[in-house]
Amino acid sequence: MASKNKNNNKKPLSFRQSVDRMVDRALKVLDIDPGTAAAIKSCNAVLQVSFPVMIRGKVQVFRGWRALHSSHRLPAKGGIRYAAMVDQDEVEALAALMTYKCALVDVPFGGSKGGLIIEPEKYTRDELQLITRRFTLELARKGFLNPATNVPAPDMGTGQREMAWIADTYKHLFPEDINHMACVTGKPVQHGGIRGRTEATGRGVQYALQEFFRHPGIVKQAGMSGGLDGKRVIIQGLGNVGYHAAKFLSEQDGVKVIAIIERTGAVIDKNGLNVEDVFRYIVNKQSVKAFPGAEYIEDGKSVLEMPCDVLIPACLEAQITEENAPRIQAKLIAEAANGPVTFAADEILRQRKIVVLPDAYVNAGGVIVSYFEWIRNLSHIRFGRMQRRYDELRGQQYVALLEEHAGVKIPEKIRDSLLGGADEVDLVRSGLEDAMRTGFQEIYQNYMDNEDISDLRTAAFVVAVRKISRSYLDLGVY
Ligand code: GLU
């Protein structure tokens with residue numbers, strides 16, 4: 001019996017358990033009664049569906065889930081993942097992360113997540129459409145898809161296209177729902193989406209790192225100095241999040257992307273890779289192998305251990321585990337993916353004083369802009385539509401006043417910005433930047449003010465859990 005227990009203890013924690021253990025560290029710091037803590041951590045409901053679809057003359061059964069972690073705020077929000085390895089534990093862990101993420105950056109939503117076991121690359125576009133529409137029917141009919149209560153978005157293996165199919169299926173089911181467009185976010189712009197949503201998570205990663213480097217105290221603790229310019233970055237995964245983050249950081253902030261890790265291996269160039277070139281190469285060749293002018297390493301994962309300033313895991317969970325954590329040489333890890341560092345690895349990194357910017361904060365850009373899209377859909381009007389020309393007119397008046405009457409010559413760049421009214425994408429970026437900057441400041445403040453908090457992840461969960469528990473306490477349990 002004793003030896004059986006021993007073995008059990010050795011079993012690695014599941015993703016869900018790993019997230020819970022991280023939250024427990026925050027709960028230790030906060031004075032929350034155990035009942036409320038349990039209510040916050042538990043997953044409210046999980047729907048599992050199996051449905052048949054006729055594929056190439058044969059019936060195939062697909063299995064999927066939608067986990068509703070919390071509904072202290074509605075709608076509950078979170079992506080739908082299409083991948084071969086999806087399971088209930090993963091979907092529940094990701095739903096929990098959505099709850100904390102939304103609370104952290106003041107997006108007034110609960111947390112949810114969906115997943116379907118499928119290898120999307122094995123199906124044609126038409127087949128994927130059939131499967132997605134059928135999955136949508138299951139979710140809608142069972143109360144797990146609705147603009148007021150549960151609103152999905154893209155995640156790994158899904159994108160604008162799938163969101164458009166979901167929105168269209170929902171509209172056909174409930175045409176009388178005037179807010180049908182708001183049943184899902186991440187849609188194409190011509191189908192009710194918002195400008196700037198596709199790049200939003202990657203852009204959020206950029207804003208998170210910019211804000212981190214505006215705080216010399218924590219930069220120093222991470223063993224660095226100065227700003228982002230010239231910092232050596234390794235990025236794992238050139239999917240939607242990794243691609244945009246790497247592109248913006250290298251093109252706009254002067255970082256050197258010294259390695260890109262992909263499924264097919266890694267490419268390394270100490271002088272900095274051109275992200276756009278690598279991305280195009282992957283699209284053409286389906287691999288990074290033989291990318292011109294760079295070193296290729298087949299065992300891509302080993303490149304996580306290369307020395308660098310910032311390591312950005314941007315693909316899957318559990319990439320840094322207790323096995324490789326002792327060998328990580330990055331000074332800062334920015335978790336663009338959900339759950340890339342396991343609980344056990346996190347403990348090791350903490351001891352090794354490697355600073356980790358946590359997922360619930362770093363990748364919150366996607367849901368922040370989803371929130372804007374949802375509001376746009378409910379208000380049935382594009383942001384900036386009514387005031388853009390008005391702002392332009394005001395700008396013209398300022399310029400005329402200064403140039404003609406006060407004799408001031410306004411530099412061209414300032415002139416242009418005064419003369420142009422903000423359009424939707426400007427407003428989206430401004431709102432996203434504000435949420436990311438404020439998010440970091442709140443985390444950092446808690447980290448600095450409380451000596452029981454020894455890392456940014458715990459600080460982030462303290463901020464999130466405090467807000468959620470307040471909403472439980474204000475409303476009571478019902
Ligand atoms: N799937 C994204 C995430 O993990 C976006 C969720 C959303 O926009 O609702 O945060």
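Just follow the structure's listing: the first ligand is 1, and inside any ligand the first atom is 1. In this chain, numbering begins with 1 at the start of the sequence shown.
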Discussion item. Heavy-atom contacts with ligand 1 below 4.0 Å: which residues, ordered by chain and residue number?
Written reply: K77, G78, G79, M98, K101, K113, A153, P154, D155, R197, N338, G366, V367, S370

Item to complete: Consider only side-chain N and O atoms of T169 and R133, and report whether a donor and an acceptor are under 3.5 Å apart.
Response: yes

Fill in: NZ/NE/NH1/NH2 to OD/OE distance under 4.0 Å, D155 and R81
yes

Item to complete: Identify, with sequence neighbours excluded, every residue that meets side chain to side chain contact (heavy atoms under 4.5 Å, CB included) alongside K28.
Response: none

Validation: residues 353-361 side-chain donor-acceptor distances under 3.5 Å, sequence neighbours left out:
residue: D359; atom: OD2; partner: G339; partner atom: N; Å: 2.8
residue: Y361; atom: OH; partner: M436; partner atom: O; Å: 2.7

Worksheet item: Counting heavy atoms not belonging to E322, are there more than 12 under 6.0 Å from its CD?
Response: no

Mind listing the side-chain donor-acceptor pairs of residues 139-148 below 3.5 Å, one per line with the distance, residues two or more places apart or on another chain?
residue: K142; atom: NZ; partner: E138; partner atom: OE1; Å: 2.5
residue: N146; atom: OD1; partner: A148; partner atom: N; Å: 2.7
residue: N146; atom: OD1; partner: T149; partner atom: N; Å: 3.4

